[in-house]
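Residue numbering restarts at 1 for every chain, and letters A, B, ... go by the order of the sequence lines.
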2 protein chains.
Amino acid sequence: MNNLTSRSTAAGQGCRAAAADRLRHFGVSVTRPRVAIMEYLMEHHVHPTVEQVYSALSPEYPSLSRTTVYNTMKMLAEHGAVTLLTIDDRNLNIDENTTPHAHLYCTRCHRIHDLPLQGVSPLQASYAFTLDGHLIQQVHQYYKGVCRECQTDLNKEPLLTNKQ
Amino acid sequence: MNNLTSRSTAAGQGCRAAAADRLRHFGVSVTRPRVAIMEYLMEHHVHPTVEQVYSALSPEYPSLSRTTVYNTMKMLAEHGAVTLLTIDDRNLNIDENTTPHAHLYCTRCHRIHDLPLQGVSPLQASYAFTLDGHLIQQVHQYYKGVCRECQTDLNKEPLLTNKQ
DNA sequence: ACTTTATTTTGGAATAATTGTAAATTTCCT
DNA sequence: AGGAAATTTACAATTATTCCAAAATAAAGT
């Protein structure tokens with residue numbers, strides 16, 4: 001509604017204010033690497049690896065270290081700002097979309113796509129509950145297969161890169 | 001029904017014949033390490049890591065190598081004889097129960113418990129299907145939380161070992 | 001603004017799981 | 001038993017992640 005507000009938090013390249021707001025919202029203190037990382041996550045709606053975040057930010061922030069990206073991810077996960085996905089056995093993927101949803105892991109391109117949850121309501125999956133005496137804190141649901149894009153690509157040429 | 005048959009394939013320590021049968025059933029050739037590994041999986045209904053399988057078998061089979069355990073697991077997975085779980089970000093867990101089911105990963109003891117699937121019928125999860133244009137080959141469902149045993153233990157003493 | 005204190009970041013080394021490789025062994029067939 | 005093909009082995013190499021102690025930055029108080 002308000003032009004000033006919307007301008008300062010609009011999406012697009014270089015939206016520090018929104019990233020800082022989001023950090024504060026999750027109760028973590030605002031620092032330069034954290035803003036850079038959060039900004040990246042908010043602008044790129046993929047499910048990046050630590051390496052991808054690091055190498056994307058590295059050019060404009062050469063002193064950033066991989067350790068910081070790891071530490072920040074772990075901390076953001078503890079504060080509920082991101083979810084860490086252990087679907088790909090080669091490395092961690094970061095999901096900044098914390099509303100409950102399922103994933104498709106493509107064994108060809110190794111990308112992760114979002115899908116709706118099946119059988120569990122997103123609302124139920126948002127809160128801890130008890131099942132069979134166990135305390136359930138997170139619900140993870142994913143499929144392994146070949147994504148739509150790769151199925152059509154299959155007829156064209158083999159995928160060369162092992163990394164996405 | 002038959003005493004001879006049931007004796008040769010009964011569960012218990014040292015059931016080579018049943019392990020060999022199972023290997024043949026999945027169309028893989030029968031070798032010493034494979035029988036030893038399959039036998040271990042059939043007798044221990046946990047979700048062992050490669051390291052656990054290796055160090056359990058090592059004493060009575062000193063020449064067994066970790067590489068063989070890794071190779072065997074990957075091969076068994078390709079033949080549908082086991083499922084490889086990437087729930088614990090520290091290492092792979094092997095599930096020899098290939099009937100579709102969900103898991104609980106306990107963040108305290110790092111053990112994995114079996115639970116029934118939610119929202120997806122085991123039958124549907126047994127076969128490949130198409131969803132939103134994607135080819136789905138496996139359905140994975142798991143919860144992260146604190147298992148029943150650890151909840152009661154919480155009041156007692158903190159868990160010392162990081163490894164299970 | 002300025003100093004002090006606490007927190008965070010850094011980079012390089014360490015760790016640990018997994019993979020690659022080439023030689024040795026075993027399996028399977030005749 | 002003999003020999004080709006497949007499998008296993010031991011060890012080296014790789015790679016993701018963690019550890020650590022020093023340096024830099026942020027926060028709090030004056």
Side-chain angles (χ1 to χ4, degrees), chain A residues 16 19-20 23-24 26-40 47-55 57-79 81-82 84-94 110 161-164, chain B residues 16 19-20 23-24 26-40 47-55 57-79 81-82 84-94 110 161-164:
Chain A
R16 314 243 159 102
L23 288 171
R24 272 184 288 264
F26 283 103
V28 317
S29 55
V30 176
T31 66
R32 178 145 126 80
R34 289 177 189 175
V35 171
I37 290 167
M38 180 55 87
E39 207 180 340
Y40 178 88
H47 300 84
T49 63
V50 165
E51 188 59 33
Q52 283 177 297
V53 173
Y54 171 76
S55 53
L57 297 178
S58 222
E60 22 177 352
Y61 186 175
S63 79
L64 180 67
S65 92
R66 255 175 272 258
T67 304
T68 300
V69 183
Y70 276 106
N71 291 342
T72 303
M73 289 316 166
K74 179 175 278 188
M75 196 218 37
L76 289 178
E78 280 161 6
H79 287 259
V82 302
L84 302 180
L85 307 178
T86 58
I87 298 176
D88 185 343
D89 62 357
R90 303 172 312 165
N91 42 33
L92 215 62
N93 291 86
I94 299 140
H110 303 282
T161 60
N162 194 28
K163 309 263 171 180
Q164 60 167 289
Chain B
R16 315 246 160 99
L23 288 170
R24 272 185 287 265
F26 283 103
V28 316
S29 55
V30 176
T31 66
R32 177 143 128 79
R34 288 177 190 176
V35 170
I37 290 168
M38 181 55 87
E39 206 179 342
Y40 178 88
H47 300 82
T49 63
V50 165
E51 189 58 33
Q52 283 177 298
V53 174
Y54 171 76
S55 52
L57 298 178
S58 222
E60 19 175 356
Y61 186 175
S63 79
L64 180 68
S65 92
R66 253 175 274 261
T67 303
T68 300
V69 183
Y70 275 107
N71 290 342
T72 303
M73 290 316 166
K74 179 174 278 188
M75 197 221 34
L76 290 178
E78 278 161 6
H79 287 259
V82 302
L84 303 180
L85 306 178
T86 58
I87 299 177
D88 185 343
D89 62 358
R90 303 173 313 165
N91 42 33
L92 216 60
N93 292 85
I94 298 140
H110 303 283
T161 60
N162 195 28
K163 307 262 168 181
Q164 62 167 288

By nearest atom, which of the nucleotides [options] is closest to the [X] side chain?
X: B:N91; options: C:dT21, D:dT17, C:dT18; value: C:dT18
X: B:S63; options: D:dT7, C:dT10, D:dA10; value: D:dA10
X: B:L64; options: C:dT10, D:dT9, C:dT27; value: D:dT9

Rounded to whole angstrom units, what separation is found between the [atom1] atom of [X] and the [atom2] atom of [N]?
X: A:Q52; N: D:dT17; atom1: CD; atom2: P; result: 12 Å
X: A:R90; N: D:dT14; atom1: CZ; atom2: C1'; result: 14 Å
X: A:Y70; N: C:dA14; atom1: OH; atom2: C1'; result: 14 Å
X: B:Y54; N: C:dT19; atom1: OH; atom2: P; result: 17 Å
X: B:R24; N: C:dT27; atom1: CZ; atom2: P; result: 13 Å
X: B:M75; N: D:dA6; atom1: CE; atom2: P; result: 14 Å
X: B:N93; N: C:dT18; atom1: CG; atom2: P; result: 9 Å
X: A:N71; N: D:dA24; atom1: CG; atom2: C1'; result: 15 Å

Starting from the 5' end of DNA chain C, give me the residue, B:R66 or B:P33, whose nearest nucleotide shows up first.
->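 Going by which nucleotide is closer to the 5' end, it is B:R66.
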Upstream residue (5' side of DNA chain D) when B:D89 and B:R34 are each assigned their closest nucleotide =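 Residue closer to the 5' terminus by nearest nucleotide: B:R34.
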Value rounded to 0.5 Å, distance of CE in B:M75 from CG in B:L23 |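 The CG atom of B:L23 is 7.0 Å from CE of B:M75, to the nearest 0.5 Å.
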Among A:V69, A:T72, A:T67, the one residue meeting side-chain contact (heavy atoms from CB on, under 4.5 Å) with A:V50 =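 So, applying the side-chain contact (heavy atoms from CB on, under 4.5 Å) to A:V50 and each of A:V69, A:T72, A:T67, only A:V69 qualifies.
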Describe the nucleic acid contact of [X] in one word from base, sugar-phosphate, nothing, applying a heavy-atom distance below 4.0 Å.
X: B:T31; result: sugar-phosphate
X: B:V50; result: nothing
X: B:Y61; result: sugar-phosphate

Heavy-atom donor-acceptor pair, [X] side chain to [Y] backbone, under 3.5 Å:
X: B:S55; Y: B:E51; answer: yes
X: A:D89; Y: B:T86; answer: no
X: A:R34; Y: A:S29; answer: yes

Going by modelled atom types, is there a donor-acceptor pair between the base of C:dC28 and the side chain of B:S29 at under 3.5 Å?
->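 Check fails, no donor-acceptor contact within cut-off.
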Side chain of B:T67, base of C:dG20: donor and acceptor closer than 3.5 Å?
->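 Pair found.
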Quick one: is A:S65 getting a side-chain N or O under 4.0 Å of the C:dG11 phosphate, OP1 or OP2?
->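 The answer is no; no side-chain N or O of A:S65 sits under 4.0 Å from OP1 or OP2.
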